[in-house]
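Heavy-atom basis, side chains included; hydrogens, waters and symmetry copies ignored. Chain naming here is simple, since letters A, B, ... match the order of the sequence lines and numbering starts at 1 in each.
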Number of protein chains: 2
Amino acid sequence: MTPQRAAILRLLDGNKRHPSAEDIYARIKRKFSGMSFATVYNTLQSLLSAGKLAEVRIDSKRSRFDPGLKPHSHLMCVHCGAILDLPLSRPPLPAGKPAGFRVLRCNVEFYGVCRDCGRKPAAGAKRRTICATEKKK
Amino acid sequence: MTPQRAAILRLLDGNKRHPSAEDIYARIKRKFSGMSFATVYNTLQSLLSAGKLAEVRIDSKRSRFDPGLKPHSHLMCVHCGAILDLPLSRPPLPAGKPAGFRVLRCNVEFYGVCRDCGRKPAAGAKRRTICATEKKK
DNA sequence: GTCTTGACAATAATGATTACAATCTGATAT
DNA sequence: ATATCAGATTGTAATCATTATTGTCAAGAC
């Protein structure tokens, strides 16, 4: 346990924003200049291997990270990139699975448009950036 | 419609292998030398926009493509990378979705180990490469 | 003190995908 | 047949997230 790792852990603990590696790097570097991007990836990898963190790949551009360990699904706004947790009401069953295939885990992902992004801006108006995690590119 | 596009369409039609862009490129180039990788991506993009093809992102290394348009889920062997279609017995509902969030679509993905990869090779034996789509790297 | 181990930082390398500029093709109009 | 124009193709360069590498450093073991 090093100061860098502690900082990353502190940032992630209870974090519902599903930050990307870059988000984490940017945040930590403010307090902790001299932090390396590699350390972020190394730490995330350690946490993943230790099962203390989940990688969320709902965003096609980059991995996002989720300290929540209870099984749940995700809902992403395709406009602003915000990701929300959803309880997994009915864990789906792999119907029609071929014999001998051992299923290990399952992802359920929803895509849509959040309320703020769904409000059409008036014609000619500048697009407002309302959501917390603005989509990049 | 050009010869290149026709070739890509022909390859994809009814294809259950969920090929990657590189798979497609390699296959087509055999018959059609002088084919460019960019054309593969362009054509795939056109087909995606036209809704004639689905992008499957279950494989973290690269996108795979699926001509099947009926909603279904996927099951991937984490060992050999093979991807199978599964019927979606119970389309999951976004429980606890916040008001105003308009849900557009949903992905259900299963990960596991296929029968061939699950057979442990005898100690010291070379790993056999059985599955159709061998995992790269 | 010296050795070992692992973490850090900086940077380079990888690899899928996208962007771009130049050329080509094919249809249509003239 | 020729000119024109839009869109497709090609080859290559650029992008960008992620991984690998290398040298350095600090803490604990002996």
Side-chain angles (χ1 to χ4, degrees), chain A residues 1-12 17-50 52-66 76 78 81 83 133-137, chain B residues 1-12 17-50 52-66 76 78 81 83 133-137:
Chain A
M1 179 56 56
T2 63
Q4 291 90 337
R5 292 198 172 187
I8 293 175
L9 273 174
R10 214 177 317 120
L11 173 60
L12 284 171
R17 309 278 286 255
H18 304 86
S20 66
E22 196 189 352
D23 293 338
I24 296 168
Y25 175 57
R27 279 291 189 92
I28 305 272
K29 206 169 57 172
R30 282 196 237 159
K31 300 268 166 191
F32 216 112
S33 124
M35 160 69 92
S36 163
F37 220 138
T39 300
V40 173
Y41 276 106
N42 286 340
T43 302
L44 291 174
Q45 203 53 55
S46 304
L47 293 172
L48 288 173
S49 313
K52 304 208 174 307
L53 186 67
E55 183 176 3
V56 179
R57 302 203 318 105
I58 195 174
D59 181 345
S60 66
K61 302 292 177 191
R62 69 205 109 246
S63 284
R64 313 269 291 251
F65 297 90
D66 188 345
M76 177 170 127
V78 297
I83 295 177
T133 304
E134 191 62 24
K135 183 163 65 173
K136 300 186 182 172
K137 176 87 183 299
Chain B
M1 179 56 54
T2 63
Q4 290 91 335
R5 296 198 169 187
I8 293 175
L9 273 173
R10 214 177 316 121
L11 172 59
L12 284 171
R17 309 279 285 255
H18 304 86
S20 66
E22 195 187 355
D23 293 337
I24 295 168
Y25 176 57
R27 277 293 189 92
I28 304 273
K29 207 168 58 172
R30 282 197 237 157
K31 300 268 167 191
F32 216 113
S33 123
M35 159 70 88
S36 163
F37 218 139
T39 300
V40 173
Y41 275 106
N42 286 339
T43 302
L44 291 175
Q45 203 53 56
S46 304
L47 293 172
L48 289 174
S49 314
K52 305 208 173 308
L53 186 67
E55 184 176 3
V56 179
R57 303 200 320 105
I58 195 174
D59 180 348
S60 67
K61 302 292 178 193
R62 69 205 109 246
S63 283
R64 312 268 292 251
F65 296 91
D66 186 345
M76 177 170 127
V78 298
I83 295 177
T133 304
E134 191 61 25
K135 184 164 63 173
K136 299 187 184 170
K137 177 101 181 296

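Closest heavy-atom contact between Phe65(A) and Ala21(A): CE1-N, 3.9 Å. Between Ser46(A) and Arg5(A), the closest heavy-atom pair is OG-NH2, 3.6 Å.
As rounded to whole Å, 16 Å separates atom C1' of dA26(D) from atom CE of Met1(A). In this structure, Arg64(B) places its CZ atom 11 Å from P of dT17(C), rounding to the nearest Å. When rounded to the nearest whole Å, the span between CD of Gln4(A) and P of dG6(C) equals 17 Å. Between Arg62(B) atom CZ and dA17(D) atom C1' the separation is 15 Å, expressed in whole Å. Protein atom NZ of Lys29(A) is 15 Å distant from nucleotide atom C1' of dC8(C), rounded to whole Å. In this structure, Arg57(A) places its CZ atom 10 Å from P of dT18(D), rounding to the nearest Å. Straight-line distance from the OH atom of Tyr25(B) to the P atom of dT17(C): 15 Å, rounded to whole Å. Put simply, CE on Met35(A) is 11 Å from C1' on dA7(C), counting in whole angstrom units.
If you check residues 36-45 of chain B against DNA chain D, the residues with a heavy atom closer than 4.0 Å are Ser36(B), Ala38(B), Thr39(B), Asn42(B), listed by number.
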Return all side-chain donor-acceptor pairs below 3.5 angstrom for residues 37-44 of chain B, not counting sequence neighbours, or 'none' if the list is empty.
from, atom 1, to, atom 2, distance (Å)
Asn42(B), ND2, Ala38(B), O, 3.3
Thr43(B), OG1, Thr39(B), O, 2.8

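Remark on the helix from dG1(C)-dC30(D) to dT30(C)-dA1(D): inter-end axis angle 10°, axes from five-pair C1' superpositions, rounded to 10°.
In this structure Asp59(A) satisfies the salt bridge (Lys or Arg N to Asp or Glu O under 4.0 Å) test together with Arg64(A), sequence neighbours excluded. Scored by the side-chain contact (heavy atoms from CB on, under 4.5 Å) test, Arg57(A) finds Glu55(A), Ser63(A), Arg57(B), Ser60(B), Tyr111(B) as partners (sequence neighbours excluded).
To the nearest 0.5 Å, atoms CG (Asp66(B)) and NE2 (His18(B)) are separated by 3.5 Å. Between the CD1 atom of Ile24(A) and the CG atom of Leu12(A) there is a distance of 4.5 Å, given to the nearest 0.5 Å. Rounding to the nearest 0.5 angstrom, the gap separating the CZ atom in Arg17(A) from the CG atom in Leu11(A) is 10.0 Å.
For Arg5(A) and dA7(C), the shortest distance from a side-chain N or O to OP1 or OP2 is below 4.0 Å.
Counting only residues at least two apart or on different chains, the side-chain hydrogen bond (donor to acceptor under 3.5 Å, both in side chains) pairs with a member in residues 26-38 of chain A are Tyr25(A)-Lys29(A).
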